[in-house]
Protein chains: 2
Amino acid sequence: MSNCSHCIMKRFNALKTLTHDELERFSDHKTSLIIKKGENLMTEGNSINGLYCIQDGKCKLTKLNTNGKEQIIKFVKGGDILGHRSILSEEPVGLNATALEDMRVCFIPKGDILESIKDNPQFSLNLIKNISLQLSHANTAISQMAQKPVKDRLAETLLSLEEIFGVDNEDCIDVILTREEIANTIGTATESAIRLLSNLKKDGVIDLLGKKIKILNKNSLKNISEGY
Amino acid sequence: MSNCSHCIMKRFNALKTLTHDELERFSDHKTSLIIKKGENLMTEGNSINGLYCIQDGKCKLTKLNTNGKEQIIKFVKGGDILGHRSILSEEPVGLNATALEDMRVCFIPKGDILESIKDNPQFSLNLIKNISLQLSHANTAISQMAQKPVKDRLAETLLSLEEIFGVDNEDCIDVILTREEIANTIGTATESAIRLLSNLKKDGVIDLLGKKIKILNKNSLKNISEGY
DNA sequence: TCCTATAAATGACATTTATCATTTATTTTT
DNA sequence: AAAAATAAATGATAAATGTCATTTATAGGA
């Protein structure tokens with residue numbers, strides 16, 4: 001089995017401040033698993049007894065509304081960690097994590113995490129910073145959901161998707177989402193999302209190649225996202 | 001000057017886990033101040049070099065949108081603390097804190113807070129839990145802003161205001177907000193908020209006594225907030 | 001207490017967004 | 001490869017929400 005000490009994924013997350021000994025302990029206790037597209041890594045309301053470190057693959061974090069609609073709160077990719085909020089706050093998981101493609105993830109038991117939190121203040125601080133940053137993003141999202149029209153939110157979301165996932169060899173945003181998932185991200189009806197995407201294409205701001213989306217004019221999208 | 005060891009406010013927040021010695025240190029270094037209605041305790045983008053402990057009075061936490069609109073993210077009252085997120089994440093303050101009425105607050109310098117964080121793991125953990133809980137609420141808010149109609153969000157907000165501030169001796173929600181502030185909480189136009197409040201009154205669900213709002217039928221509001 | 005400024009309320013109307021129905025395209029299964 | 005299932009696209013229409021204009025009420029200052 002692979003070794004946490006040599007894993008490059010920890011470069012990208014809070015695990016980077018762990019000592020060699022701590023990483024060896026993680027290696028000894030961790031399990032690697034494959035999550036198939038569509039499967040859940042975490043489920044809203046369930047408890048979790050460890051931390052997931054994403055090796056490869058993408059997932060969406062969602063919340064089911066009282067009216068049965070899915071709201072996508074955040075996208076997660078290789079190098080990100082999941083489950084630390086629940087471990088730290090000793091509360092059930094608040095969001096569903098559903099694989100958008102096949103994923104490889106490592107699972108590190110809660111006990112090892114808590115031990116490092118106790119022994120390694122820098123590690124704790126990194127986890128706190130991670131959660132603080134999420135809170136900061138969430139507050140921005142509240143404001144935008146509440147006050148920006150759907151068109152602006154779509155533009156914003158496309159920019160942010162490219163920011164998160166980058167582009168493939170054809171300059172398309174490197175993630176495959178259904179129109180429904182895009183709609184569930186910006187908080188609108190699927191038909192509205194489709195119509196607004198078509199308009200953006202007609203205006204030459206983006207190109208649509210099946211499910212792949214290519215941003216042609218980033219400045220224009222930025223303006224739209226700010227209401228111009 | 002008053003003494004942190006004897007202050008009952010710490011019962012309500014993360015400071016409750018501090019030792020007597022730590023509280024004495026806080027007492028020695030803290031400053032008490034009065035914030036007048038309308039004044040800012042914190043300002044978006046500014047840095048902050050300490051933690052505020054609210055003794056008395058209420059404030060709103062807001063974010064200014066790119067379009068110039070104010071979004072109210074959260075309400076804060078006596079017993080709450082402010083500024084710990086910024087201290088922990090070493091980032092500028094993300095929200096404005098504006099007094100809704102005259103406030104009495106204590107300011108504890110960053111150095112003392114950081115020392116307690118280092119020495120007192122239970123204190124750190126309480127701060128983390130506080131931030132985690134805020135994140136959890138924020139995610140719920142995103143989902144509701146994105147997917148619920150304005151009427152539902154108004155009902156939800158009225159219930160939550162009564163939850164936070166309680167009722168006065170006439171059973172009215174114990175906080176004075178302008179219609180514009182209510183609109184900025186639920187994310188709608190002031191006129192829409194006014195109209196929906198009038199409708200709720202006409203339907204006998206609430207009563208409007210000037211700026212004071214009395215909830216007459218909590219169950220009915222709960223149903224409305226869930227789309228029935 | 002009156003005057004002025006600000007907030008609340010309401011109507012008319014425009015715009016945005018959702019819903020329903022249907023067609024067309026794309027995947028998936030057999 | 002054909003059939004079936006699912007997703008995307010589009011039109012027609014309804015519903016929700018925002019904007020502007022105006023009136024009425026309330027609060028704060030001279």
Side-chain angles (χ1 to χ4, degrees), chain A residues 36-38 65 67-71 100-102 144-158 172 175-203 206-213 224-225 227-228, chain B residues 36-38 60 65 67-71 100-102 144-158 172 175-203 206-214 224-225 227-228:
Chain A
K36 288 274 184 189
K37 177 176 175 176
N65 232 335
N67 52 26
K69 288 186 200 159
E70 166 189 287
Q71 178 62 38
L100 293 168
E101 50 188 51
D102 292 358
Q144 298 197 338
M145 286 295 186
Q147 304 204 325
K148 284 192 176 178
V150 177
K151 187 181 177 184
D152 304 25
R153 304 201 309 255
L154 173 60
E156 176 81 33
T157 294
L158 293 177
C172 292
V175 64
I176 299 284
L177 297 172
T178 64
R179 298 295 191 253
E180 189 181 8
E181 283 170 327
I182 293 174
N184 291 348
T185 307
I186 64 183
T188 191
T190 306
E191 296 93 324
S192 299
I194 289 172
R195 267 183 250 271
L196 291 167
L197 282 169
S198 301
N199 289 347
L200 288 176
K201 178 177 178 174
K202 210 174 54 196
D203 296 344
I206 63 172
D207 201 5
L208 300 172
L209 307 150
K211 286 197 182 35
K212 283 279 185 177
I213 299 172
I224 292 168
S225 80
Y228 302 113
Chain B
K36 289 274 183 188
K37 177 176 175 175
K60 57 180 177 182
N65 231 335
N67 52 27
K69 287 185 200 158
E70 167 189 287
Q71 177 63 39
L100 293 167
E101 51 187 49
D102 293 356
Q144 298 197 339
M145 286 295 184
Q147 305 204 322
K148 283 192 176 178
V150 177
K151 187 180 178 185
D152 303 25
R153 303 199 311 252
L154 173 60
E156 174 80 34
T157 294
L158 293 176
C172 293
V175 64
I176 299 284
L177 298 173
T178 64
R179 298 294 191 254
E180 189 181 7
E181 284 169 328
I182 293 174
N184 291 347
T185 307
I186 63 183
T188 191
T190 306
E191 296 94 324
S192 299
I194 290 172
R195 267 181 252 269
L196 291 168
L197 281 170
S198 300
N199 289 347
L200 287 175
K201 178 177 179 174
K202 209 176 55 197
D203 296 345
I206 63 172
D207 202 3
L208 300 172
L209 309 150
K211 286 196 183 34
K212 283 279 185 179
I213 299 172
K214 188 194 293 195
I224 292 168
S225 80
Y228 303 113

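A, B, ... follow the sequence lines: proteins, then strands. Residue 1 opens every chain. If you're wondering where the values come from, they're calculated on a predicted model, not measured in any experiment.
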Does D:dT10 have OP1 or OP2 sitting under 4.0 Å from an N or O in the side chain of A:Arg195?
no

What pair of heavy atoms forms the shortest contact from A:Gly187 to A:Arg153, and how long is it?
O-NH2, 2.8 Å

For A:Lys151 and C:dT17, what is the distance between atoms NZ and C1' respectively, to the nearest whole Å?
14 Å

Select one nucleotide: of C:dT17, D:dA9, D:dT17, the one nearest the side-chain heavy atoms of A:Ile194.
D:dA9

CG/B:Leu100 to NZ/B:Lys37 distance, rounded to the nearest 0.5 angstrom?
8.0 Å

In whole angstroms, the gap separating P of C:dT17 from CD of A:Gln147 amounts to 14 Å

Rounded to whole angstroms, how far apart are CG on B:Leu154 and P on D:dA16?
15 Å

Please report, rounded to the nearest Å, how far the C1' atom of C:dA18 is from the CG atom of A:Leu196.
12 Å

Test applied, side-chain contact (heavy atoms from CB on, under 4.5 Å); reference residue, B:Lys151; option that passes from B:Ile186, B:Asn199, B:Leu196
B:Leu196

From CG of B:Leu208 over to P of C:dA9, roughly how many Å is that when rounded to an integer?
6 Å

Rounded to whole angstrom units, what separation is found between the CG atom of A:Asn184 and the P atom of C:dA18?
11 Å

Take the protein atom NZ of B:Lys212 and the nucleotide atom P of C:dA8, then report the distance between them rounded to whole Å.
14 Å

So does B:Asn67 get a backbone contact from the side chain of B:Asn65, meaning a donor-acceptor N/O pair under 3.5 Å?
no

Side-chain N or O of B:Lys211 versus OP1/OP2 of D:dT26: is the shortest distance under 4.0 Å?
no

Mapping B:Gly210 and A:Arg153 to their closest nucleotides on DNA chain C, which lands nearer the 5' end?
B:Gly210

Where the side chain of A:Ala189 is defined as all heavy atoms beyond and including C-beta, which of C:dA18, C:dG11, D:dA16 is the nearest nucleotide?
C:dA18

C:dA9 C1' sits how many Å from B:Ile182 CD1, rounded?
14 Å

In terms of side-chain heavy atoms of A:Glu191, which of D:dA16, C:dT10, C:dA21 is nearest?
C:dA21

5' priority, DNA chain D, between B:Lys37 and B:Lys148 [closest heavy atom]:
B:Lys148

Does B:Ser192 have a side-chain nitrogen or oxygen under 4.0 Å from the phosphate oxygens OP1 or OP2 of D:dA16?
no

Checking C:dG11, C:dT17, C:dC20 against the side chain of A:Thr188 (C-beta onward), the nearest is C:dT17

Determine the contact category for B:Thr190: base if any of its heavy atoms lies under 4.0 Å from a base atom, sugar-phosphate if only primed atoms, P, OP1 or OP2 are that close, otherwise nothing.
nothing

I need the minimum non-hydrogen distance between B:Thr190 and B:Ala183, along with the two atoms involved.
CA-CB, 3.6 Å

Counting side-chain heavy atoms from C-beta on, which of D:dT17, D:dT10, C:dA18 comes nearest to B:Val150?
D:dT17

